[in-house]
Amino acid sequence: MYRKVLRDNINIKKNKGLYRYYFENSRPVGCFPKASYDTYGEAIVWCSNDYLNMSHNNKVIDASINGCKKYGVGSGGTRNISGNTSSVMNVERAISKFHGKSDALIFNSGYSANSGSLCSLGKAFNDSIFFSDKDNHASLIDGIRRSGREKKIFNHNDICHLESLLKEQPLERKKIIVFESIYSMDGSTAPIPRIVDLAKRYNAFTYVDEIHAVGLYGKGGRGLCNMYNCEKDVDVIQAGFGKAFGTSGGYIASDKEVIDSIRLCAEPFIFTTSTSPVIAEATLESIKQIESFDEQRRKMKFNVRYMKSALIKNGFTVMNDEETHIIPVFVGDPFLCRQISNDLLNNFKHYVQPINFPTVPKWSERLRITPTYKHSRSMIDKLVLEMIQVFKNNNVKLN
Ligand SMILES: Cc1ncc(COP(=O)(O)O)c(C=O)c1O
């Protein structure tokens with residue numbers, strides 16, 4: 001009986017085009033942006049979050065090997081048992097300095113950083129209310145939900161809507177505005193200075209997820225708050241190491257009182273084995289390296305511009321006109337989106353991830369393309385040409 005229920009649920013997902021396929025691949029050092037897929041052979045990856053290929057950076061790899069030889073593989077426990085290692089603490093010191101904040105806390109993933117921090121903040125602020133952007137990531141939604149506090153959703157990046165919702169609340173009520181600096185599935189950017197201004201006027205606390213912006217924007221890759229000169233005005237900056245930093249883990253940076261109160265009650269921080277010294281030492285090196293990657297950031301921006309204009313010139317619907325590195329190409333149907341992705345991989349050895357519901361709303365299914373500094377112009381030209389062919393073969397009209 002139990003197996004049948006599960007089988008039926010899986011079949012429902014398959015019939016609705018919602019089933020998730022996880023393609024096995026290996027990413028040998030030196031091959032980026034290519035990867036090997038068991039069934040398909042070598043392909044160019046167009047959707048990796050390893051934006052600066054830091055995961056293959058020699059100095060980062062050496063730091064992880066040295067960390068392993070010096071301190072072993074595991075941290076030995078949760079943070080309050082024996083896992084409060086100097087390797088982990090050094091990452092916290094480095095990342096708080098990176099964001100110009102007085103303290104930081106690292107988690108095992110960006111997901112648990114958001115889920116744990118927002119839940120703790122909601123609980124700490126009695127009778128608080130969250131204001132959450134409609135396109136916020138699942139981890140932000142999860143943290144808000146677990147806090148049990150009231151939540152109002154404002155239309156994506158809609159400052160007027162946010163203000164109208166803030167206005168409805170008494171000035172003295174505790175309000176937490178939660179948003180991303182770069183939205184992961186469409187590359188749009190938040191109007192951070194205007195949100196900060198609203199927060200000041202309406203007595204609100206601000207929490208921003210910068211996970212897709214750190215490493216790529218702002219001085220030395222410090223993110224969009226830095227770029228807009230708003231680092232001091234945003235109460236909590238959250239981000240992670242699994243994207244541009246090339247390792248894994250998540251963090252928050254803020255002032256000492258905020259960090260201390262989250263450290264005291266965030267379950268995903270407390271009740272888990274702390275980050276391995278292998279990862280912590282690699283991350284520390286990556287933070288050092290990333291500051292000097294201006295040339296790589298410049299090249300990436302050039303590739304983004306080049307690719308976007310080629311896509312638009314050839315009639316593809318690019319779902320935002322901002323110059324960020326996340327390029328969403330509209331398809332609008334879950335089966336078609338997967339089919340196009342499969343055809344690109346099978347026939348032309350391009351891996352472009354299909355993004356379907358619930359990651360994005362139904363009928364806004366898309367391909368998410370993230371060109372990096374290591375994709376060449378000829379790779380981009382080839383992808384666009386072959387996308388034209390695949391879209392046409394699947395009877396998708398180009399503009
Ligand atoms: C906006 C955003 N926040 C948080 C996360 C979670 O980060 P992690 O993969 O480190 O758990 C992601 C993951 O892709 C994300 O896109």
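All values derive from a computational prediction rather than experimental measurement. Each ligand, and each atom within it, is numbered from 1 in the order the structure gives. Numbering starts at 1 and runs along the sequence shown.
Between the side chain of E281 and the backbone N or O of G67 there is no donor-acceptor pair closer than 3.5 Å.
Ranked by closest heavy atom to atom 5 (C) of ligand 1, the top entry among M185, H137, E210, Q238 is H137.
For H212, a nitrogen or oxygen atom sits less than 3.5 Å from a nitrogen or oxygen atom of ligand 1, counting backbone and side chain alike. Considering backbone and side-chain N/O of E180, none are found under 3.5 Å from N/O of ligand 1. The N/O atoms of K243, backbone and side chain alike, include one that comes under 3.5 Å of an N/O atom in ligand 1.
Counting protein heavy atoms only, atom 11 (O) of ligand 1 is closest to Y111 N, 2.9 Å.
Atoms of ligand 1 found under 4.0 Å from any heavy atom of S184, numbered from 1 in the order shown, are 16 (O). Within ligand 1, counting atoms from 1 as listed, the ones closer than 4.0 Å to a heavy atom of D209 are 1 (C), 2 (C), 3 (N), 4 (C). In summary, the atoms of ligand 1 found under 4.0 Å from a heavy atom of S109, numbered by their order in the structure, are 10 (O), 11 (O). Within ligand 1, the atoms closer than 4.0 Å to a non-hydrogen atom of G110 are 6 (C), 7 (O), 8 (P), 10 (O), 11 (O), numbered from 1 in the order shown. Those atoms of ligand 1 that come under 4.0 Å of a heavy atom in N114, given as number and element, are 3 (N), 4 (C).
Within 6.0 Å of atom CD in E295, more than 12 heavy atoms from other residues, nucleotides or ligands are found, so the atom counts as buried in its surroundings.
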For residues 237-248, which side-chain donor-acceptor pairs fall under 3.5 Å, sequence neighbours excluded?
from : atom 1 : to   : atom 2 : distance (Å)
Q238 : NE2    : G110 : O      : 3.2
Q238 : NE2    : N114 : OD1    : 3.4
T247 : OG1    : T283 : OG1    : 2.7

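The closest approach between any non-hydrogen atom of S139 and ligand 1 is below 4.0 Å. Within the structure, ligand 1 lacks G242 among the residues with a heavy atom less than 4.0 angstrom away.
Aromatic ring centres of H137 and Y183: separated by at least 6.0 Å. Centroid-to-centroid, the aromatic rings of F23 and Y21 stay 6.0 Å apart or farther. Annotation: H325 is not in aromatic contact with Y373 [ring centroid separation under 6.0 Å not met].
Cluster partners of V236 are L105, F107, L118, L121, F125, F130, L140, I144, I176, V178, F205, Y207, I252, V258, I259, I262, F269, I270, F271, counting Ile, Leu, Val, Met, Phe, Trp and Tyr whose side-chain heavy atoms approach within less than 4.5 Å, directly or via other members.
The residues K101 and E231 are annotated as not salt-bridged, no charged nitrogen and carboxylate oxygen being separated by less than 4.0 angstrom.
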